[in-house]
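This structure is a prediction, so every number in the text was calculated from the model and none was measured.
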Amino acid sequence: METSQRDEQQRAAEQRRRELLEAADRVVLRDGPGASMNAIAAEAGITKPILYRHFGDKGGLYRALAVRHTDALLSGLRAALDAPAGRRERVEATLDSYLAAIEARPQVYRFLMHPDEARPGDPGFDVGRHSAPLLRRMGEELALVITERVDLGPDGDELARAWGHGIVGMMHAAGDWWLRERPCPRGRLVRHLADLLWGRLAVSGERADGPGF
């Protein structure tokens, strides 16, 4: 009985946490990096101390939202990589998936990658401390995909990690510039970036035991 009660309490706590994150999402979509704990608490219909009880501080809430959105983004990237198409088409689809995601929710992107825009110098909440782990995670995930699919020879693991982090860095920097300035249509940027990547990737064989790429 005690175990069942604990499980029920845990499920209720997880459901409440999801509801609070959904409320935070709505405020972030509206306010971007200016989203405040006060506004999020009001949106959720609770007091700020209760919000702190769940997440600790704005940094804790940020990390929870970052995991939520990074999971969704990685799911989209994997779907693009697994699409039934040629390798070049899948490279372009993966790049487009990332750019489409940040284009669709620019306020969320700014909240995750530029949280210092609303409060420059906010102690303990600088952009490098919080956004760098997201990019590292994406780089490692992409490296795993490359390792599974492409035969890169005896130094394949090292090369896959270099490529994974390099591609994520490129997508992030190019996407950040493009989202701010809109110098060209999204499809054209996708083609430009795919051209840059295509080199050795175009001529590398697929792993015999992998899912293909």
Side-chain angles (χ1 to χ4, degrees), residues 15 17-45 51 54-55 57-83 90-120 122 125-142 145 164 167-194:
Q15 174 63 28
R17 185 179 175 87
R18 282 193 297 272
E19 292 170 354
L20 293 177
L21 286 173
E22 287 165 6
D25 258 344
R26 292 191 294 271
V27 175
V28 169
L29 282 170
R30 185 186 71 220
D31 299 341
S36 68
M37 296 293 274
N38 283 330
I40 292 168
E43 177 70 23
L51 191 60
H54 282 273
F55 298 104
D57 57 13
K58 189 177 179 182
L61 176 62
Y62 171 93
R63 287 187 290 275
L65 283 171
V67 169
R68 178 184 175 94
H69 287 286
T70 304
D71 285 348
L73 179 58
L74 287 169
S75 178
L77 296 180
R78 291 190 194 100
L81 286 165
D82 287 333
R90 277 181 282 168
V91 168
E92 291 190 0
T94 303
L95 293 167
D96 189 63
S97 178
Y98 175 82
L99 294 172
I102 67 173
E103 182 181 33
R105 309 188 82 184
Q107 290 287 61
V108 173
Y109 172 80
R110 290 176 60 232
F111 178 82
L112 293 177
M113 294 300 177
H114 297 286
D116 56 339
E117 285 185 354
R119 297 176 179 82
D122 186 2
F125 200 70
D126 63 276
V127 63
R129 174 184 170 191
H130 292 283
S131 63
L134 306 185
L135 298 176
R136 283 197 297 271
R137 181 185 171 199
M138 289 176 61
E140 290 294 333
E141 291 277 351
L142 187 53
V145 168
I167 291 169
V168 167
M170 180 195 72
M171 288 196 304
H172 170 59
D176 196 81
W177 161 73
W178 174 77
L179 197 62
R180 288 177 183 273
E181 298 187 15
R182 297 302 179 101
C184 62
R186 192 176 83 217
R188 191 181 302 166
L189 178 61
V190 166
R191 291 191 295 275
H192 292 335
L193 297 181

For this session: Answer yes or no: does atom CZ of R188 have more than 12 heavy-atom neighbours from other residues, nucleotides or ligands under 6.0 Å?
Result: no
Exercise. Looking at R90 and L81, what are the two nearest heavy atoms and their distance?
Worked result: CD-O, 3.0 Å
For this session: Identify, with sequence neighbours excluded, every residue that meets side-chain contact (heavy atoms from CB on, under 4.5 Å) alongside A23.
Result: R26, E43, A44
Seminar exercise, completed: Sorted by chain and number, sequence neighbours left out, salt bridge (charged side-chain N to carboxylate O under 4.0 Å, His left out) with D31 holds for none
Exercise. Sequence neighbours excluded, which residues qualify as side chain to side chain donor-acceptor pair (under 3.5 Å) partners of R137?
Worked result: D71
Seminar exercise, completed: Q107 and L29 have their tightest heavy-atom pair at CG-O, 3.4 Å
For this session: Supply the atom-to-atom distance Y98 OH to L193 CG, rounded to the nearest 0.5 angstrom.
Result: 11.0 Å
For this session: Locate the shortest heavy-atom distance separating V27 from A35; write the atom from each residue and the value.
Result: CG1-CB, 3.9 Å
For this session: Please name the pair of heavy atoms, one in F111 and one in G32, separated by the smallest distance, quoted to 0.1 Å.
Result: CD1-O, 3.5 Å
Exercise. What's the spacing between L99 CG and M171 CE if we round to 0.5 Å?
Worked result: 8.0 Å
Problem set entry | Residues forming a side-chain contact (heavy atoms from CB on, under 4.5 Å) with A194, sequence neighbours excluded | R88, V91, E92, L95
Seminar exercise, completed: For A41 and L51, the nearest pair of non-hydrogen atoms, with its separation, is N-CD2, 3.9 Å
For this session: Return the set of residues passing side chain to side chain donor-acceptor pair (under 3.5 Å) with D96 (not counting sequence neighbours), or none when no residue passes.
Result: R186
Exercise. Listed by chain and number, what are the salt bridge (charged side-chain N to carboxylate O under 4.0 Å, His left out) partners of R68, not counting sequence neighbours?
Worked result: D25
Problem set entry | Counterpart residues, side-chain contact (heavy atoms from CB on, under 4.5 Å), relative to P183 (two or more places apart) | W177, W178, E181
For this session: State which residues pass salt bridge (charged side-chain N to carboxylate O under 4.0 Å, His left out) with R191; sequence neighbours excluded, sorted by chain then number.
Result: none
Exercise. Do the rings of H114 and Y109 sit parallel, tilted or perpendicular, given the 30° and 60° boundaries?
Worked result: perpendicular
Exercise. To the nearest 0.5 Å, how far apart are CD1 in I40 and CG in L20?
Worked result: 9.5 Å
For this session: With sequence neighbours excluded, tell me which residues meet side chain to side chain donor-acceptor pair (under 3.5 Å) with R78.
Result: E141
Exercise. If you round to the nearest 0.5 Å, how far is CE of M37 from CG of D57?
Worked result: 6.5 Å
For this session: Would you please test R182 and E103 for side-chain contact (heavy atoms from CB on, under 4.5 Å) and show each step?
Result: CA-CA 10 Å; R182 297 302 179 101; E103 182 181 33; 3.2 Å; yes
For this session: Kindly indicate whether the side chain of L134, heavy atoms from C-beta on, has any atom under 4.5 Å from the side chain of H69.
Result: no
Exercise. Can you name the nearest heavy-atom pair linking L65 to L112, along with the distance?
Worked result: C-CD2, 4.4 Å
Problem set entry | Set of side chain to side chain donor-acceptor pair (under 3.5 Å) partners for E19, sequence neighbours left out | Q15, R16
For this session: Using side-chain contact (heavy atoms from CB on, under 4.5 Å) as the criterion, list what pairs up with A64, not counting sequence neighbours.
Result: R17, L21, F55
